[in-house]
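So the structure is just underneath, and the comments pick up after that.
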Amino acid sequence: MDRNVEVREVNMRMAFNHFRHSEADYLTLEDLADIFGREAPAKELMNFLDYDKDGKISFEDFRHAVAESIEDDDSHPEWWGCGIVVQYK
């Protein structure tokens, strides 16, 4: 596996895990609403990230959305405009 791809995968997993509020291996609308403090932007992001439209965001959904965004625009993913900032120490 290409080192850049491996690093990107690890970073995506860290970001995904950062947003989860339970032990489940997926994000829910409630997780997103807790992040945003409101349901409207959470629903917008859910619609964008929930690739298989099952009402939850699996890591595969998340990875697909990020990969699709990177293909569309190499400068940054589209969902960055949703106000999500993740900092790791």
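What you see below is based on every heavy atom in this structure, not just the backbone, and it leaves out hydrogens, waters and symmetry mates. One-based numbering along the sequence shown.
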Side-chain atoms of residues 32-43: list all donor-acceptor pairs with protein atoms under 3.5 Å, sequence neighbours left out, distances to 0.1 Å.
from, atom 1, to, atom 2, distance (Å)
Asp34, OD2, His21, ND1, 3.3
Glu39, OE2, Lys43, NZ, 3.2

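Connection of Tyr51 to Phe62 is not established within any shared hydrophobic cluster, with ILVMFWY side chains joined at heavy-atom distances below 4.5 Å, either directly or through further cluster members.
Glu60 and Ser58 are not linked by any side-chain donor-acceptor pair at a separation below 3.5 angstrom, with hydrogens and angles left out of the test.
The side chain to side chain contact (heavy atoms under 4.5 Å, CB included) test applied to Val7 returns Arg3, Asn11, not counting sequence neighbours. Partners of Asp54 by side chain to side chain contact (heavy atoms under 4.5 Å, CB included), not counting sequence neighbours, listed by chain and number: Asp50, Asp52, Lys56, Asp61. With sequence neighbours excluded, no residue satisfies salt bridge (Lys or Arg N to Asp or Glu O under 4.0 Å) with Arg20. In this structure Asp25 satisfies the side chain to side chain donor-acceptor pair (under 3.5 Å) test together with Arg13, sequence neighbours excluded.
Relative orientation of the Phe59 and Phe16 rings is perpendicular, given thresholds of 30° and 60° on the angle between their planes.
Among Glu68, Met12, Arg8, the single residue meeting the side-chain contact (heavy atoms from CB on, under 4.5 Å) criterion with Arg63 is Met12.
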